[in-house]
Amino acid sequence: MKNAISLLGSTGSIGRQTLETAELLGLRVRSLGANKNIKLLEAQMRRFKPDIVAVFDNDSARDFKTRVRDTDVRVVAGIDGLVEAACADGVSTVVTAVVGTIGLIPTLAAIEQGRTIALANKETLVCAGSLVMKTAKERGTAIIPVDSEHSALFQCLKAEKPEHVKRLILTASGGPFRGWGRDRLTKVTPEMALRHPNWSMGRKITIDSATMMNKGLELIEAMHLFDVPPEKIGIVVHPESVVHSMVEFNDNSVIAQLAQPDMCLPIQYALTYPERRASLVDSLDLTKLISGLTFEEPDFDAFPCLRLAIETAQTGGIAPAVMNGANEAAVELFLAGKIGFYGIYESVSAALDKITNIENPSLEDLMSADIEAKRFVIESRGAP
């Protein structure tokens with residue numbers, strides 16, 4: 001088991017649960033990284049006593065330095081600060097739980113240093129999956145997924161040969177609007193979309209779950225993690241969120257991973273792999289669950305972001321980076337009340353139509369695509 005970690009995105013939902021899990025496991029937290037929530041970050045720093053704290057926002061970093069000047073902690077800022085935190089001395093595993101493409105550069109830096117990656121930042125693989133996985137293979141670096149769906153697939157695949165896999169099956173809760181039609185969905189407000197029925201998550205990923213864009217992003221992530229084409233990945237809606245994903249094999253048998261919908265479990269598995277330790281997550285009472293597990297086909301008409309993501313996965317090149325960047329910007333506009341629920345899909349679709357695709361992109365191409373997509377959405381959709 002790992003003995004020291006770096007945690008990027010410590011103040012978010014996954015970050016907070018990672019710290020709880022690290023404390024349970026007795027792991028040393030060498031470095032923390034966050035964006036602007038310096039009040040919570042200070043509390044975490046004083047409790048876990050890391051050597052380095054990275055604050056991405058420069059103004060917040062200056063304020064944080066003032067708040068902790070009575071300590072010996074090293075405070076760093078910006079993307080270079082996140083890289084330094086990810087590559088801190090003595091770290092065996094880097095948990096990347098930041099939201100958005102800012103996670104890509106520090107994740108790549110940690111891979112170059114040979115650190116194990118516990119990956120909760122799906123944008124890293126959505127935007128630059130081929131590059132990241134190639135670098136990890138060259139450096140002999142392990143990438144252990146933290147998302148519950150990818151952790152489930154990772155576990156289901158451990159005892160099988162890749163050539164025996166027929167398809168991967170990602171499960172989706174369906175979000176707060178499962179079963180809703182287009183007419184009702186046009187009236188959705190940010191407050192409504194933030195009420196997820198099963199999971200406690202950050203605001204951005206909760207909106208992505210409501211539009212089902214999140215499941216499309218997960219499909220692209222799974223392509224790269226498990227080296228399968230998009231046509232070998234299925235998606236089923238499973239509102240109970242007990243079956244976290246499944247693998248179907250060539251003989252038509254299916255292996256599934258089941259557990260309570262609690263992110264502490266996949267976080268712990270990523271931190272202890274290949275060991276399994278006792279956890280605080282409740283056991284499943286199968287006698288109460290088996291008769292109540294349901295599965296449905298996704299409604300691609302009501303949730304066009306999912307269809308768009310699958311098409312983008314098939315296109316490849318810079319298209320996934322464009323889609324991801326445009327979606328990040330559109331979600332922010334939706335949360336600010338500047339566009340409607342379907343405005344998210346319309347914004348992302350428009351960006352994909354506008355920005356010319358590049359096959360076999362470099363890292364610079366991918367980062368530029370992300371910036372261009374965000375700028376396009378803000379300029380074209382963000383006006384009051």
Side-chain angles (χ1 to χ4, degrees), residues 12-14 97 99-101 120-123 126 147-150 170-222 235-245 261-263 294-313 320 323-352 373-374 377-378 381-382:
S13 175
I14 296 296
V99 176
T101 52
N121 170 248
K122 61 176 55 65
E123 292 86 357
V126 170
D147 277 355
S148 63
E149 296 84 357
H150 299 98
L170 292 166
T171 56
S173 70
F177 309 126
R178 181 177 66 88
W180 288 34
R182 275 183 168 267
D183 288 344
R184 289 183 73 188
L185 287 168
T186 58
K187 301 177 179 64
V188 164
T189 66
E191 292 73 23
M192 295 163 64
L194 287 169
R195 298 176 196 142
H196 196 282
N198 296 338
W199 296 97
S200 175
M201 305 179 292
R203 286 162 62 85
K204 195 266 183 183
I205 192 173
T206 304
I207 300 302
D208 283 347
S209 179
T211 65
M212 291 201 72
M213 173 63 86
N214 192 51
K215 206 52 53 178
L217 297 176
E218 288 177 3
L219 181 145
I220 297 173
E221 186 178 6
I235 295 172
V236 296
V237 175
H238 170 54
E240 294 81 19
S241 296
V242 169
V243 177
H244 295 289
S245 279
D262 189 324
M263 280 304 301
T294 56
F295 301 92
E296 308 162 1
E297 292 288 338
D299 186 341
F300 292 99
D301 180 62
F303 301 97
C305 281
L306 178 56
R307 182 185 65 247
L308 184 65
I310 294 172
E311 293 170 350
T312 302
M323 181 189 73
N324 183 77
N327 181 64
E328 284 188 32
V331 167
E332 286 299 317
L333 293 177
F334 171 69
L335 287 170
K338 294 184 177 180
I339 61 175
F341 187 72
Y342 279 118
I344 297 174
Y345 163 74
E346 292 162 359
S347 297
V348 178
S349 181
L352 285 165
K374 289 174 179 173
V377 169
I378 291 170
R381 309 287 299 186

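For the numbers below, each heavy atom of this structure counts, side chains included, while hydrogens, waters and symmetry mates do not. Computed from a predicted structure; not experimentally measured.
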* Show your working on side chain to side chain contact (heavy atoms under 4.5 Å, CB included) between Leu219 and Leu306 and close with a plain yes or no. => CA-CA 10 Å; Leu219 181 145; Leu306 178 56; over 6 Å; no
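Taking 4.5 Å as the limit, every side-chain heavy atom of Pro261 sits out of range of all side-chain heavy atoms of Ser148. You'll find the side chain of Arg307 reaches within 4.5 Å of the side chain of Tyr345, heavy atoms only.
Using the six-membered ring where Trp is involved, Phe177 and Phe341 have ring planes that are perpendicular, over 60° apart on the 30 and 60° scheme.
The closest donor-acceptor contact from the side chain of Tyr342 to the backbone of Ala302 lies under 3.5 Å. Side-chain atoms of Thr171 come within 3.5 Å of backbone N or O of His244 as a donor-acceptor pair. Under the 3.5 Å distance criterion, the side-chain polar atoms of Asn121 are left unmatched by any main-chain donor or acceptor of Thr101. Panel note: side chain Arg182, backbone Asp301; a donor-acceptor pair is recorded below 3.5 Å. Without hydrogens or angle criteria, Ser349 side chain to Glu346 main chain gives no donor-acceptor distance under 3.5 Å. At distances below 3.5 Å, not a single donor-acceptor pair connects side-chain atoms of His238 with backbone N or O atoms of Glu296.
Considering all non-hydrogen atoms of both residues, Val126 and Asn324 come closest at CG1-CB, 4.0 Å. Of all heavy-atom pairs between Ser173 and Val237, the closest is O-CG1, 3.8 Å. The two residues Cys305 and Ile344 make their nearest non-hydrogen contact at SG-CG2, 4.4 Å.
Residues passing the salt bridge (charged side-chain N to carboxylate O under 4.0 Å, His left out) test with Glu221: none are found, sequence neighbours excluded.
Of the listed residues (Val99, Ile205, Asp208), just one forms a side chain to side chain contact (heavy atoms under 4.5 Å, CB included) with Lys122, and that residue is Ile205.
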